[in-house]
Amino acid sequence: MRKILFSFLFVLVIVFKANAAFILIPMDNVQKNHLKAYGIAYWVLKQDVEVSWLLNYRGGSFMFRYAEIFEKELKIRGVSYNVIADVQSSAILQQIADPQVNMDEVKLHKAPKIAVYSPKNKLPWDDAVTLVLTYAEIPYDVIYDDEVMNGVLPMYDWLHLHHEDFTGQYGKFWANYRNAEWYQNDVKISQETAKRYGFQKVSQLKLAVSKKIRDFVAGGGYLFSMCSAPDSYDVALSAENTDICAEMFDGDPIAPDAQSKLNYNNCFAFRDFTIVTNPYEYEISSIDATQTRGRLSSDKDFFTLFEFSAKWDWVPSMLCQNHENVIKGFMGQTTAFRKEFVKPGVIIMGENKALNEARYIHGEYGKGTWTFYGGHDPEDYEHLVGDPPTDLNLFPNSPGYRLILNNILFPAAKKEKRKT
């Protein structure tokens, strides 16, 4: 009798799996590994299978057609999931479509081709984006000045910039690290690259690279940037017609009228800022709030995500999908953006209102978009030069890292036009 009952239950399981139409990956607090869930979504897209991103449904869940190979991969990667029947998936979509609820479905169609702008030489810091891409098992290419100057950007959908100084001042590390081997090697390689492309100064090379990145965005590319890259990028574009580098960086003094010659119209996100001309000060401009916020303890540092309309403001809603609304803060060379220097029209997606800081901002340029995220490492509050990389096996549910991965999948999205 027991054998018959077991056989009957086994048959029921087989029949259920055969009729199971969808896999649901919940992204609320029941999820065991939020970060690897994004890698699963990306991997399913690589199999030419459409993924539904269910905005604001259980933390921004994913849903796609059932296949045994998908279920096996979910088990291998340790991602929580539910196998659901067609009627259940229809009920979820019906719930989401209700005009009274702040939810919506966005279709992800094609896995984006990803590039990370990063130097090839070894430097004593890591990159949160490459850490999380590797952990989530999402493939990417590393490119740098040579590749950008040689015109590879149109081959990619998404480009990341991290901890880079586009002003040609080598991150303002001269004061503390000018005798360090890694710093001297970085200067040497950058100068050689500049000469190879006919530039007398590294700042001129970086400006040319910045313009090519701007063209990439204008043509429909997706730009994501963290730490010192966002403000140094805008500062570099604003300083197109002047010299803001001190003598130890480029061999001659700063132009005496450099501040007055800044052109804020060139910038993606910021305006009316002042440049920091002191070579001994570890700061590029007044955009960064690191110095003005004072010494803030980690337990009191946080920022809050805005809640957008999933049905009408689906882009920022997608970029803010999370299982937590309040995100713990983390420092960087650029920790946060002072709101008084953020341009009107820029979408502020995360802020510390009490400190008047924007932490997570977004905007459009031409046919493309850009997103800037302050801070260096979402799970290492004060990541110092030379610190070891964060082990994401310890933080599989990191809400701060989730914001990075929202941006990774963003280029795959296509919103259906609403009938009026």
Side-chain angles (χ1 to χ4, degrees), residues 22-45 49-65 70 74 77-82 84 88-89 91-98 101-109 111-112 129 132-133 135-138 158 222 224 303-328 347 349-350 359-360 362 369 371 373 378 392 395-416:
F22 287 90
I23 288 176
L24 174 72
I25 301 179
M27 294 295 279
D28 52 13
N29 286 316
V30 307
Q31 178 55 248
K32 291 185 298 186
N33 197 315
H34 286 93
L35 304 186
K36 284 190 178 290
Y38 286 89
I40 287 287
Y42 188 95
W43 181 76
V44 170
L45 289 171
V49 173
E50 188 177 80
V51 175
S52 288
W53 199 348
L54 310 180
L55 303 187
N56 293 346
Y57 178 80
R58 298 187 62 182
S61 301
F62 301 110
M63 189 169 69
F64 44 87
R65 284 278 178 187
F70 298 157
L74 283 157
R77 300 196 193 189
V79 175
S80 306
Y81 69 97
N82 301 114
I84 61 175
Q88 292 172 288
S89 67
I92 291 171
L93 294 178
Q94 187 175 2
Q95 176 187 349
I96 287 172
D98 185 340
V101 302
N102 187 21
M103 301 178 187
D104 207 358
E105 176 194 20
V106 171
K107 301 280 192 180
L108 304 181
H109 294 275
V129 172
V132 77
L133 286 172
Y135 180 75
E137 302 179 54
I138 296 175
W158 191 89
Y222 297 82
F224 179 77
F303 62 98
T304 304
L305 297 177
F306 279 78
E307 183 177 359
F308 296 92
S309 169
K311 290 182 170 62
W312 300 107
D313 297 320
W314 65 277
V315 171
S317 182
M318 184 188 317
L319 296 178
C320 289
Q321 290 302 290
N322 223 305
H323 55 291
E324 294 185 15
N325 187 51
V326 177
I327 313 297
K328 64 181 183 180
I347 299 173
M349 301 185 295
R359 292 295 302 256
Y360 186 42
H362 176 76
T369 71
T371 303
Y373 189 16
L392 287 180
F395 306 102
N397 306 105
S398 169
Y401 270 100
R402 272 199 71 178
L403 296 180
I404 298 173
L405 292 174
N406 286 340
N407 285 269
I408 295 288
L409 290 184
F410 174 45
K414 182 179 180 182
K415 194 73 164 61
E416 302 296 333

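All values derive from a computational prediction rather than experimental measurement.
For V315 against H362, the heavy-atom pair with the smallest separation is CG1-NE2, 3.5 Å. Summarising the geometry of G39 relative to I138, their closest heavy-atom pair is CA-CG1, 3.8 Å, with the distance given to 0.1 Å. Across all non-hydrogen atoms, the minimal contact from L108 to L45 is O-CD2, 3.2 Å. In terms of heavy-atom proximity, M27 sits nearest to R402 at O-NH1, 3.2 Å. Closest non-hydrogen pair, L403 versus C320, comes out as CD2-CA, 4.3 Å. Among all heavy-atom pairs drawn from V30 and S80, the shortest one is O-OG, 3.6 Å.
Using modelled atom types, no side-chain atom of W314 and backbone atom of L55 make a donor-acceptor pair closer than 3.5 Å.
Y360 is linked by a ring-ring contact (aromatic ring centres under 6.0 Å, His included) to Y373, counting only residues two or more places apart in sequence or in another chain. By the ring-ring contact (aromatic ring centres under 6.0 Å, His included) test, F64 pairs with F70, sequence neighbours left out. Residues passing the ring-ring contact (aromatic ring centres under 6.0 Å, His included) test with F303: none are found, sequence neighbours excluded. Qualifying side-chain hydrogen bond (donor to acceptor under 3.5 Å, both in side chains) partners for S398, counting only residues two or more places apart in sequence or in other chains: E379. Looking at residues two or more places apart in sequence or on another chain, you find a side-chain hydrogen bond (donor to acceptor under 3.5 Å, both in side chains) between Y401 and D377. With sequence neighbours excluded, the residues forming a side chain to side chain contact (heavy atoms under 4.5 Å, CB included) with N82 are L24, P26, R58, I84, listed by chain and number. Every residue two or more places apart in sequence or in another chain was checked for a side-chain hydrogen bond (donor to acceptor under 3.5 Å, both in side chains) with N322, and none qualifies. The side-chain hydrogen bond (donor to acceptor under 3.5 Å, both in side chains) search around Y135 returns N33, not counting sequence neighbours. Applying the side chain to side chain contact (heavy atoms under 4.5 Å, CB included) rule to S309 yields the partners N102, K311, W312, D313; only residues at least two apart in sequence or on another chain are considered.
At a threshold of 4.5 Å between non-hydrogen side-chain atoms, the residues N407 and L319 count as touching. With contacts defined as side-chain heavy-atom distances shorter than 4.5 Å, the pair W53/N406 qualifies. Using a 4.5 Å heavy-atom cutoff, the side chains of N56 and S317 are in contact. Side-chain contact between E307 and N325: absent, with no pair of heavy atoms (C-beta onward) separated by less than 4.5 Å. Residues I92 and F22 form no side-chain contact, since every pair of their non-hydrogen atoms from C-beta on lies 4.5 Å or further apart. Contact check for I408 versus Y38: no side-chain heavy atoms found under the 4.5 Å cut-off. Between M103 and L54, the closest side-chain pair of non-hydrogen atoms is not below 4.5 Å.
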*Go through the steps for M349 and T371 under the test side-chain contact (heavy atoms from CB on, under 4.5 Å), then give the verdict.*
CA-CA 10 Å; M349 301 185 295; T371 303; 3.9 Å; yes
*List the steps and the verdict of side-chain contact (heavy atoms from CB on, under 4.5 Å) for Q95 and Y57.*
CA-CA 9 Å; Q95 176 187 349; Y57 178 80; 3.8 Å; yes
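In this structure, CZ in R77 is found 12.5 Å from CG in L35, a value given to the nearest 0.5 Å. Distance check: S61 OG to Q321 CD gives 9.0 Å after rounding to the nearest 0.5 Å. Distance CH2/W158 to OG1/T369: 10.5 Å, rounded to 0.5 Å. The OG1 atom of T304 lies 8.5 Å from the CD1 atom of I327; values are rounded to the nearest 0.5 Å. Rounding to the nearest 0.5 angstrom, the gap separating the CG atom in L74 from the CD1 atom in I40 is 4.5 Å. Taken from CZ in R65 to OG in S52, the straight-line distance is 10.0 Å, to the nearest 0.5 Å.
F62 pairs in a side chain to side chain contact (heavy atoms under 4.5 Å, CB included) with only one of the listed residues (I23, L409, V44), which is L409.
Taking the six-membered ring where the residue is Trp, Y222 and F410 present perpendicular rings, their angle passing 60° and hence far from 30°.
When only modelled atom types and interatomic distance are considered, H34 and N397 share a side-chain donor-acceptor pair under 3.5 Å.
Judged as a salt bridge (charged side-chain N to carboxylate O under 4.0 Å, His left out), the pairs with a partner in residues 31-44 (not counting sequence neighbours) are, in order, K36-E137.
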